[in-house]
Amino acid sequence: ERHLPFDLCLLPPQHHLGHALVDDCPDVTFVLDHCGNPAISQPDQFETWKQLVEQYAERPNVNAKLSGIVASVGHENATLEEIRPYLDATTEAFGPDRLVWGSDWPVCTLTTSLPDWIKLFREWSGALSADEEAKICHLNAKRIYRL
């Protein structure tokens, strides 16, 4: 009743709980944090993770946050080649109108410095239109979090 968004921070084995919560609360705006926490260090899990994210995207009250994924690469200094498939799949599932960017600082520093994560994101987002990038980088956050 307060129209506050609810961030979902779940690991892939927990997403069935997130799906149930979203379904039980259709009037709540949800944000799936960290692209659904993919296990980037386990690329064989990509298709399973992608299906879970797509299931969230089917629900119109769910948005996603492009954040935190550099901490999931399993080693220092994440590369764009490693994280691009996850950014692309999340964007394909939700579209630029339902995405926000987040730093996930200081957790991101487990593998990648904040300036390097920002650089990776900007390199990836350079392929977007200026309008899409503005939505993801700040306009959608203003709307979703009522800033």
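- A heavy-atom distance below 4.5 Å is found between the side chains of Phe6 and Leu21.
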Practice problem: Give the intermediate values and the outcome of side-chain contact (heavy atoms from CB on, under 4.5 Å) for residues Trp117 and Asp104. | Solution: CA-CA 10 Å; Trp117 166 218; Asp104 196 32; 5.5 Å; no
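- One distance of note links CZ of Arg122 with CD of Glu133; it measures 8.0 Å at 0.5 Å rounding.
- Contact check for Asn140 versus Arg98: no side-chain heavy atoms found under the 4.5 Å cut-off.
- Smallest separation of non-hydrogen atoms from Ala39 and Tyr86: O-OH, 4.3 Å.
- Across all their heavy atoms, Ser67 and Gly102 have their closest contact at CB-O, 3.1 Å.
- For residues 122-147, the set of pairs meeting the ring-ring contact (aromatic ring centres under 6.0 Å, His included) definition, not counting sequence neighbours, comprises Phe121-Trp124.
- When side chains are defined from C-beta on, Ile69 counts as touching Ile40, because their heavy atoms get closer than 4.5 Å.
- The backbone N or O of Ala78 sits nowhere less than 3.5 Å from a side-chain atom of Thr111 that would complete a donor-acceptor pair.
- Two residues are said to be in side-chain contact when any heavy atoms from C-beta on lie closer than 4.5 Å; Asn61 and Thr29 fail this criterion.
- Hydrophobic clustering (side-chain heavy atoms under 4.5 Å, transitive across Ile, Leu, Val, Met, Phe, Trp, Tyr) keeps Val100 apart from Val28.
- Within the 4.5 Å cutoff, side-chain heavy atoms of Cys35 are placed close to those of Leu66.
- For the pair His3 and Arg146, the minimum side-chain heavy-atom distance is below 4.5 Å.
- Residues Thr48 and Pro12 fail the side-chain proximity criterion, which asks for heavy atoms closer than 4.5 Å.
- Surrounding CZ of Arg59 are more than 12 heavy atoms belonging to other residues, nucleotides or ligands, all under 6.0 Å away.
- Rounding to the nearest 0.5 Å places CG of Leu114 at 5.0 Å from SG of Cys108.
- Distance alone, capped at 3.5 Å, is enough to place a donor-acceptor pair between the Thr109 side chain and the Pro106 backbone.
- A donor-acceptor pair shorter than 3.5 Å can be found between the side chains of Ser113 and Asp116.
- Between Ile136 and Leu128 there is a side-chain heavy-atom pair separated by less than 4.5 Å.
- Counting only residues at least two apart or in different chains, ring-ring contact (aromatic ring centres under 6.0 Å, His included) contacts with residues 64-83 are absent.
- The distance from the NZ atom of Lys65 to the CG atom of Leu8 is 10.5 Å, given to the nearest 0.5 Å.
- Under the salt bridge (Lys or Arg N to Asp or Glu O under 4.0 Å) criterion, Asp27 pairs with no residue, sequence neighbours left out.
- More than 12 non-hydrogen atoms from other residues, nucleotides or ligands lie less than 6.0 angstrom from CD of Gln14.
- Counting only N and O atoms by type, the side chains of Glu82 and Thr79 include a donor and acceptor under 3.5 Å apart.
- Counting only distance, with no hydrogens or angles, the side chain of His15 and the backbone of Gly36 share a donor-acceptor pair below 3.5 Å.
- Aromatic rings of Tyr56 and Phe30 (six-membered ring for Trp) have centroids beyond the 6.0 Å cut-off, not under it.
- Taken to the nearest 0.5 Å, the CD atom of Gln42 stands 5.5 Å off from the CD atom of Gln45.
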